[in-house]
**Student:** 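Following this message is one structure expressed as structure tokens.
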There are 2 protein chains.
Amino acid sequence: MGTILPKFDSVFSIDCVIFGFDEGELKILLIERNEEPFKNWWALPGYIVEQDESIDHAAERILYELTGLRGIYMDQFYTFGDVNRHPQGRVITVAYYAMIRLSGSKELKPVSNYASKAVWIPVNDLPKLAFDHEKIFSKGFEKIRHKISYQPIAFELLPEKFTLTQLQHLYEVILNKKLDKRNFRKKMLNYGILKELDEKQKGVSYRAAKLYKFDKRKYTKLFQKEITFGK
Amino acid sequence: MGTILPKFDSVFSIDCVIFGFDEGELKILLIERNEEPFKNWWALPGYIVEQDESIDHAAERILYELTGLRGIYMDQFYTFGDVNRHPQGRVITVAYYAMIRLSGSKELKPVSNYASKAVWIPVNDLPKLAFDHEKIFSKGFEKIRHKISYQPIAFELLPEKFTLTQLQHLYEVILNKKLDKRNFRKKMLNYGILKELDEKQKGVSYRAAKLYKFDKRKYTKLFQKEITFGK
DNA sequence: ATATAATGTGTATTTTTTACACTAAGTAAT
DNA sequence: ATTACTTAGTGTAAAAAATACACATTATAT
């Protein structure tokens, strides 16, 4: 792709809001653009959908090409279709989000040179973004905030083994409010989707906490069913 | 538009799932197509987005042109982007939904002759639909079912004045389950968004029920705020 | 007057949510 | 080994919300 978009009738693109949780902070994945427009600006990983691929497939491919992250399952959350959202023509973009585990810190290395780099940036410290990507990010953040209030999806962001305090901090960061420790634990344990391990946290200079795992089977059973309204 | 779509790179379209409630039945608005492909088939009202209009605007325009309904506010709920969803080329469609009041029975009269007619059809009695419109309808139905479980949006479907029994029936139809009369009333009245009127139902051959109105101010106050997680 | 059909109402029980504070355990420094 | 420090871990009472359940009342039609 050159510096100027070809003249086109209409173009679909995908933009990805990928959430990660690291060092107690909620982060998203940004790229630095290496092409006009907005060259050298920060942006959500996003690019144009090919003619012969589904949008779900495109989302996966584009995320890979711009960040090096492979096989990330994403959900679509909103489509942005204002006429002038792209300075060079009509581009309607379908926004996807995912919450992923940063443990092991998969390497970020753009495959395409449309991005010069890909970096995790704390959501509380975002730079100015290209296009309408701030709006897209906000809507994505809203989406996970809403979703976490009816499905305990937070575990997707945590390492496989985690402490209850880590889980609580994550909730607090997403919901942007303090939660009560005892009530939080009661509620989480009551769901019955946490498995207590025989292990403890290591490398902390204070009393080590018990580690837990999510029980995916029970999670699926509990939350894939219909939402109920009582009798 | 001719019988064969022009060769195109990519086309956006809009499809609308418009819910109405009439004679105790939940219905959606369908058109009979007057053009190939799927000529003479039933379909959701849907058409192609123009170059110079936002998708929200396109949704309103398209609904008007195909059904005669004007100024209906719709929300987007999903974008369908499988490669072969349209037999003649790549068409990505953004699906919108709305819930509207059928009282006064606005006339349905397609403006464009892309549709030969527009009709309300009960959701429990849908014919086979063009394209992947059955999938789109299902997702839209899921959407309102989910939404009604956390926001009492049902009033958008009811006439201005309604009885509690009518409201309950509507919930039952959307949720596809029987609800308990006393509990339902308690819950609804507790929201504090219903205004009891000094009027009664008319024209029924049994004891007439009190009429209620939704109090839009209180509704907005109550449900436009953030969803909470407690302390 | 009677039959009919839907309205309208209360209570007890269970479950869920909320508020709230101290002791226990491990680590680090002396 | 004592002490200081920091976080882990725990229970209970009260309030609010959800559930289960049945019958007398009212308007209309005959």
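Below, chain A is the first sequence line, B the second, and so on; all start at residue 1.
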**Student:** For S205(B) and dA29(D), is the shortest distance between a side-chain N/O and OP1 or OP2 below 4.0 Å?
**Tutor:** no

**Student:** Counting heavy atoms from C-beta on, name the nucleotide in dG11(D), dG8(C), dA8(D) closest to the side chain of N183(A).
**Tutor:** dG11(D)

**Student:** Send over the distance from E196(B) CD to dG8(C) P, rounded to a whole Å.
**Tutor:** 8 Å

**Student:** Starting from P on dG10(C), measure out to CG on N190(B) and report it in whole angstrom.
**Tutor:** 14 Å

**Student:** Should the pair F223(A) and Y191(A) be assigned to parallel (<30°), tilted (30 to 60°) or perpendicular (>60°) ring geometry?
**Tutor:** perpendicular

**Student:** Taking the side chain as every heavy atom from C-beta outward, state whether L30(A) and P127(A) have any atom pair closer than 4.5 Å.
**Tutor:** yes

**Student:** Which nucleotide in the list dA20(D), dT6(D), dT10(D) gets nearest to the side chain of R185(A)?
**Tutor:** dT10(D)

**Student:** Look at the side chain of R207(B) and the base of dT7(C), then say whether one donor and one acceptor between them are separated by less than 3.5 Å.
**Tutor:** yes

**Student:** How long is the line joining NZ of K210(A) and P of dG26(C), in whole Å?
**Tutor:** 11 Å

**Student:** For M188(B) and dA18(D), give me the distance from atom CE to atom P, rounded to whole Å.
**Tutor:** 11 Å

**Student:** Side chain of K186(B): nearest nucleotide among dT7(D), dT7(C), dT19(D)?
**Tutor:** dT19(D)

**Student:** Please report the C-alpha distance between K213(A) and E160(A) in whole Å, then the side-chain angles of each, then the deciding distance to 0.1 Å, and finally whether the salt bridge (charged side-chain N to carboxylate O under 4.0 Å, His left out) criterion is met.
**Tutor:** CA-CA 6 Å; K213(A) 255 179 138 167; E160(A) 207 191 349; 3.8 Å; yes

**Student:** Using a cut-off of 4.0 Å on non-hydrogen atoms, how would the nucleic acid contact of K202(B) be classed: base, sugar-phosphate, or nothing?
**Tutor:** nothing

**Student:** When the distance from CD of Q166(A) to P of dG9(D) is rounded to whole Å, what number comes out?
**Tutor:** 11 Å

**Student:** Could you please name the option among dT10(D), dT9(C), dG8(C) that lies closest to any side-chain atom of R182(B)?
**Tutor:** dT9(C)

**Student:** Nearest heavy atom decides the nucleotide; on that basis, is Y206(A) or T165(B) closer to the 5' end of DNA chain C?
**Tutor:** T165(B)

**Student:** Hey, does the side chain of K181(A) come within less than 4.0 Å of dG9(D)'s phosphate (OP1/OP2), counting only N and O?
**Tutor:** no

**Student:** Can you classify the ring geometry of F155(B) versus Y219(B) as parallel (below 30°), tilted (30 to 60°) or perpendicular (above 60°)?
**Tutor:** perpendicular

**Student:** Mind calculating the distance between CG (L167(B)) and P (dG8(C)) to the nearest angstrom?
**Tutor:** 13 Å

**Student:** Describe, in one word, how the ring planes of Y150(A) and H146(B) are oriented to each other, choosing from parallel (under 30°), tilted (30 to 60°) and perpendicular (over 60°).
**Tutor:** tilted

**Student:** For the pair made of CG in L179(B) and P in dA20(D), what is the distance, rounded to whole Å?
**Tutor:** 11 Å

**Student:** For the pair made of CG in D180(B) and C1' in dA17(D), what is the distance, rounded to whole Å?
**Tutor:** 14 Å

